[in-house]
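Chain naming here is simple, since letters A, B, ... match the order of the sequence lines and numbering starts at 1 in each.
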Amino acid sequence: VCDASRLSQEERALVLRETAQASVIVLTMVYQDGTAQLNAEQKSCPPVSGVLVLLKSELDAMESEGCSAGLPGSEGSGCKVIFLKLEQRPAWAQQGYRQDRFSKEMLLCILGSAQDVICFKAKDLLCTALQYFGKEISWKQVALCRILDPQIAAWLLDPADTASCFWDLVAKRCKTRAAVKPCAGAREFEQQPNVSGSLLVLYRLMMDLRASLQEQGLWKLFCSVELRLTTVLAVMEIHRIHVDKDALEKTSKILGMKLKQLEQEAHQAAGQQFLVSSSSQLRVVLFEKLRLHERCENKKLPKTVLRQQQSTSEATLMQLQDLHPLPKIILEYRQVHKIKSAYVDGILSCMISPFYNPKWGNTSSAVTGPITSKKPNIQAIPRQSIQIIKKQYVQGKEPEVITIHPRSMFISEEGWTFLAADFSQVELRLLAHLSSDPELLRVFQEPLAAGDVFISLASQWKGLPEGKLKPEDREQAKRIVYSVVYGAGKERLSEILGLTAEQAGQFVDSFLQKYKQVRAFTQKTIQQCQDQGCVVSIMGRRRHLPHILSPDWTLRNQAERQAVNFVVQGSAADLCKMAMIRIFSHIASSPTLTARLIAQIHDELLFEVEDSQVEEFAGVVQTTMESLQHIDCFGVHLKVPLRVMLSSGKSWGSLAELARPRSLPHRL
DNA sequence: CTAGCGTCA
DNA sequence: CTCCTGACGCTAG
């Protein structure tokens, strides 16, 4: 291993030349505590110290047969390992300027081209590289990089096996590994600080995974979707979203006051002081002091499983709330507390000054293929506002109703606007395509299909004109449709509809009668899953469902529903990923467009766009997304058009619908 | 009905 | 005292 900082000018120039010509480049980040990305999973990411680069000038002979693996040392002929120090130098330091430059130059040389690079957690590396580049280098300069990530490859091969660490993957996926080194020795090997050897193992692992992907016909999906997506996600992740911190802190305070107030009310109702948040203290008050359980012997109260104590769970409190004012207060306390901790303090705690950036993941145990957001989950921030009644202590003053709207805390930067693009009714459109149900196809192919399907269904269902419907009605219609097509039982549906099970059953029957081919599609999918053990999405993503042949009735039925659901939901995820990639590439290759993807909420893409570019970019987004009806390289030709709804605004909480820029009423 | 994550009991 | 699990909350179709 040679340290780049010790190289002379000439040697550096040589290294850069070698990098550009290398047939294989393998990378791993090294942390300041001496561990690398390849070490066992760390809980918290320690600060980065640098990047190790392995340059391989020639491919192994007889690579495909894997017999050249040899020992890590012998394989390494024609290899060079270079350490690039990445230090965040304080602005005042002049000393290391040149070395700083070289690390950047080298990284840009690797990431700025389209040559294949291998890295274990590619997204993390890309993020730190982009942050290291800072403003000097635009993200557009790395937009074409191709980093093969074994973790994602393995996830694609089997989404169900939970993301394991590097050495577990080696043990599981490296066919050639067994010959080189018995699996039992993996741990031992890991202990050795032989990082260059590890890089070669990483290389072999990726080669073996590539072979498996190719065997299973997943290579194209890997290259043109998952691989591309890591760059998109990295660029999205380093972008900071502006959050109205003051407003958040203010609502946090208000909620805190509300909690205090509820606490006092609780004490008053209980006739004593106690810790409201403690279930054990609450138990003492409820059952030993007030002895509420004695007053409702006709109902059975749940007990804690462990010690058979009286439970203080929500179900219990619900039953007790008519007997005494206390349970109701506790219930409200818990509700407010949850809102505060999840959506106000939760966001606050993840912020760095007035900004916020969630972590985006592609593999993390998501079995159907969608990307997910974490810390906190921006995809689960409430859509509608929450009302809290704040009582006034001042006599004669009306109680003040305050509304909390977490989404409106997210605001665009000065001079920029949020643009949201929503695939409308993707899953239903996909279902129409997949099932070829004539009725369903007609709904979307008709020229009048510009309207909203769920609104028209809701108006049919409620017998009201479309203009008189509330947003809740649409939501309900949507839930009903999806419930039915995914195989909800009449019991479950009756809960949603608020009808008797019998009426719900009739509803299901008439629905499936009208859309006959939907059931045919369901059965075809289950059949296919039984035959092949797995089910496949529109772009070839797979999900194995071993329980599909289980003798256990409940397990088998669940697997059957999951099979059907996967085909539709997984395909929708494919389309959304493709949309992200296409739009990303479009921006990257445009000299003027500056729009940034901020978040993906399932079928909705949220961008931040310069005010002056909103109109132009909206057009780009819409045409790009709607053109995904046909994806030639995957043989995707949807029988129904895709429709995108656009909205924009200065805050995520208040987006106004945008007129369709390319205002064609319909196509086809 | 199906997917996620985060917060508790 | 610190884990872990299952229910339920939110989201999205």
Please report, rounded to the nearest Å, how far the [atom2] atom of [N] is from the [atom1] atom of [X].
| X | N | atom1 | atom2 | value |
| --- | --- | --- | --- | --- |
| Q562(A) | dA3(B) | CD | C1' | 10 Å |
| I496(A) | dT2(B) | CD1 | C1' | 12 Å |
| W360(A) | dG4(B) | CH2 | P | 15 Å |
| Q600(A) | dA3(B) | CD | C1' | 12 Å |
| L430(A) | dT2(B) | CG | C1' | 15 Å |

List in chain and number order the residues that pass ring-ring contact (aromatic ring centres under 6.0 Å, His included) with W360(A), two or more places apart in sequence or in another chain; answer none if no residue qualifies.
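Listed in chain order: nothing, the list is empty.
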
Which atom pairs, donor and acceptor, lie under 3.5 Å between side-chain atoms of residues 335-344 of chain A and protein residues at least two apart or in another chain?
unit_1, atom_1, unit_2, atom_2, d
K340(A), NZ, D345(A), OD2, 2.7
S341(A), OG, H337(A), O, 3.1
S341(A), OG, K338(A), O, 3.3

Give every donor-acceptor pair under 3.5 Å between a side-chain atom in residues 569-584 of chain A and any protein atom, sequence neighbours left out.
unit_1, atom_1, unit_2, atom_2, d
S571(A), OG, I538(A), N, 3.0
S571(A), OG, V567(A), O, 2.4
D574(A), OD1, R541(A), NH1, 2.0
D574(A), OD2, S537(A), OG, 2.5
D574(A), OD2, M539(A), N, 3.3
K577(A), NZ, E226(A), OE1, 3.1
K577(A), NZ, E226(A), OE2, 3.1
K577(A), NZ, N362(A), OD1, 2.9
K577(A), NZ, G369(A), O, 2.8

Looking at every strand, decide which applies to G489(A) at a 4.0 Å heavy-atom threshold: base, sugar-phosphate, or nothing.
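Sugar-phosphate contact only.
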
NA contact type, K340(A), heavy-atom cut-off 4.0 Å: base, sugar-phosphate, or nothing?
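K340(A): no heavy atom of the nucleic acid under 4.0 Å.
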
Measuring to OP1 and OP2 of dC8(B), would you say a side-chain N or O of S341(A) lies under 4.0 angstrom away?
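For dC8(B), OP1/OP2 do have a side-chain N/O of S341(A) under 4.0 Å.
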
I want to check one thing: is the phosphate of dT7(B), taken as OP1 and OP2, less than 4.0 Å away from some side-chain N or O of H337(A)?
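The answer is no; no side-chain N or O of H337(A) sits under 4.0 Å from OP1 or OP2.
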
On the 0 to 90° scale, with breaks at 30° and 60°, tag the F507(A)-W461(A) ring pair as parallel, tilted or perpendicular.
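Plane angle over 60°, so perpendicular.
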
Show every donor-acceptor pair shorter than 3.5 Å between a side-chain atom in residues 480-488 of chain A and any protein atom, with sequence neighbours excluded, or say none if there are none.
unit_1, atom_1, unit_2, atom_2, d
S483(A), OG, R479(A), O, 2.4
Y486(A), OH, E427(A), OE1, 2.5

Pairs under 3.5 angstrom only: tabulate donor-acceptor contacts from the side chains of residues 525-536 of chain A to other protein residues two or more places apart or in another chain.
unit_1, atom_1, unit_2, atom_2, d
T525(A), OG1, F521(A), O, 2.8
Q527(A), NE2, D531(A), OD1, 3.3

Distances under 3.5 Å between nitrogen or oxygen atoms of protein and nucleotides 6-13 of chain C:
unit_1, atom_1, unit_2, atom_2, d
dG9(C), O4', K338(A), NZ, 3.4
dC10(C), O4', Y343(A), OH, 3.2
dT11(C), OP1, R383(A), N, 3.2
dA12(C), OP1, R383(A), NE, 2.7
dA12(C), OP1, R383(A), NH2, 2.9
dA12(C), O4', H602(A), ND1, 2.7
dA12(C), O3', D603(A), OD1, 3.1
dG13(C), OP1, D603(A), OD1, 3.0
dG13(C), OP1, D603(A), OD2, 3.0
dG13(C), OP2, K478(A), NZ, 2.5
dG13(C), O3', E427(A), N, 2.8
dG13(C), O3', Y482(A), OH, 2.6

